[in-house]
Amino acid sequence: MEQQRGFSLVEVLAALLVLAIVITTTMAMFVERQKRMQAANETILAYQAIANEIEYRRRVPYAELESAQGTFVTDTAILGPLAPFAATVTVAPPQSNVKVVTLSVRWRNGQRVERVSISRVDTGGSGLW
Amino acid sequence: MVKRERGFTLLEIVVVLAIFGTFLWIVVVLTADMRAWEKRMPVNYMTHPQISAVVSRLRKDVEDAGAGYYKDVYGDYHMSDKTLIVYTLQALGTGETVVWDFSKDGEVTRHAFTDISGETSKWTAHGTPTFVITDFPIPGHPDSVRIKAYDKDGKLAIDQIFQPRAH
C-alpha cells in the first residue's frame, strides 16, 4: 500500500478536539482563579470595616443598642474599592438579656455580602470597664 | 488530474485567523479586566506575614493595656502619629511599656521596656507600608487607637481600630 504524507481528516479533527478541551479548561481555571482572588481581597476589606464597627458597637450602652444608628458610624473609606456598597447594623429582639447585633456589608448589587454578629449581654450595671 | 500547488487558500487563512483571533480576544479581555480590577484595589498587605504580625501584636498590646493606657513621653520617645506608647499587661500580671515606632519608612519596630530592666525586647518588621496612628474617640470612651496604612499609590489598605479590653 502506498504511504502518503499528511494527516487524515479524522486525525486532524481529533487533535483539534483535544486542543480545544485543553485550552478551554485552562481558560476556565484562569477565570475562576481570578474571581476567587478578587472575592478574597474584597472580603478582607469588608471584614476590616466590620471589625472597626464592632469596636464601636461594643461600647454603646446596652439599652441604646436599638436606637443607635443603623448604618456604620466608623469611617468606611476602606470600603471605597467596593463602591457602591451598603453597610448596615441590625439588632435582633433581646432574648434572655442578650441582644444579637449583626453588622453587614453588601456590595456588587447585593451579590456579595459579609456579616458578623456579636452578642451583647445586659450586665445590669455600668459595664465591665 | 488536479495540479496541487504549495501554500494555503484564502479561505483556509481566514478560518485559521478567526479561530486564533477568538482565543486572542478572550485573553486580551481577561487581561484588561484583571488590570482594571488590580488598579482599583489596594495592595493586600494582610497576606504579608510580617505586616499581619504587626497588626496582631499591636492589637494584643492595646487590648491588654493597663491602667493609664497611653503615655505622652517615655525616654526619648514622644507620642505622635508615628509613635505609639502604651502600657500593657503581660501574662504573669506584670506590666511593660511598649513603644511602637512607625517613623522609619518600610519598617516597624516594637520596643518593650520595664522600669527595672530597661529595654527587654526589640522586634522589627520589614517591608511594611506607611502606618499612621490616630485616635478614634467613642463618646464616653476616649481610649481607642486607630491605625491606617496606605500603599505606594496612596490607597487605604489597612484600617483597624483597637481599644483596651476589660481585665
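Just so it is clear: chains get the letters A, B, ... in the order the sequence lines come, proteins before strands, and each one is counted from 1. Just so you know, these numbers come straight off a predicted model, no measurement behind them.
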**OP:** Measure B:Ile19 against the heavy atoms of chain A and call it side chain, backbone, both or neither at under 4.5 Å.
**Re:** neither
Subject >> Residue pair A:Phe72, A:Val105: steps toward the side-chain contact (heavy atoms from CB on, under 4.5 Å) verdict >> reply: CA-CA 9 Å; A:Phe72 279 28; A:Val105 175; 4.0 Å; yes
Original post:
Crowded around A:Leu19 CG? As in, over 12 foreign heavy atoms under 6.0 Å?
Top reply: yes
Original post:
Going by an N to O cut-off under 4.0 Å, is there a salt bridge joining A:Glu55 and B:Arg165?
Top reply: yes
Subject >> Contact class of A:Leu45 relative to chain B, heavy atoms under 4.5 angstrom >> reply: side chain
Subject >> chain B contact via A:Ala77 - which portion, at a heavy-atom distance below 4.5 Å >> reply: both
Original post:
In Å and rounded to the nearest 0.5 Å, what is the CE to OH distance from B:Met79 to B:Tyr74?
Top reply: 13.5 Å
Subject >> Under 4.5 Å from a heavy atom of chain B, the part of A:Gln34 involved >> reply: side chain
Original post:
Only one of B:Asp61, B:Asp143, B:Val86, B:Asp64 clears side-chain contact (heavy atoms from CB on, under 4.5 Å) with B:Pro164; which?
Top reply: B:Asp143
**OP:** Measure the spacing between CD1 of A:Ile78 and CD1 of A:Ile44 and express it to the nearest 0.5 Å.
**Re:** 10.5 Å
Subject >> Check: A:Lys99 side chain, A:Tyr62 main-chain N or O, donor-acceptor pair, under 3.5 Å >> reply: yes
Original post:
What are the residues of residues 41-58 of chain B, in order of number, with any heavy atom under 4.5 angstrom from a heavy atom of chain A?
Top reply: B:Met41, B:Pro42, B:Asn44, B:Met46
Original post:
Can you find a side-chain donor-acceptor pair between B:Gln90 and B:Glu96 that sits under 3.5 Å?
Top reply: yes
Original post:
Using non-hydrogen atoms only, which part of B:Lys148 is less than 4.5 Å away from chain A: side chain, backbone, both, or neither?
Top reply: side chain
**OP:** Answer with side chain, backbone, both or neither: which region of A:Glu53 has an atom nearer than 4.5 Å to a non-hydrogen atom of chain B?
**Re:** neither
**OP:** Mind running side-chain contact (heavy atoms from CB on, under 4.5 Å) on B:Arg59 and B:Gln160 for me, showing each step along the way?
**Re:** CA-CA 9 Å; B:Arg59 175 185 293 115; B:Gln160 305 247 331; 2.7 Å; yes
Subject >> Toward chain A: residues of residues 119-136 of chain B with heavy atoms under 4.5 Å >> reply: B:Phe136
**OP:** Go through the side-chain N and O atoms of B:Lys71 and B:Thr97 and say whether any donor and acceptor fall under 3.5 Å apart.
**Re:** yes
Subject >> Straight-line distance of A:Trp107 CH2 to A:Leu79 CG, nearest 0.5 Å >> reply: 8.5 Å
Subject >> Ion pair A:Arg112/A:Glu114, N-O distance below 4.0 Å >> reply: yes
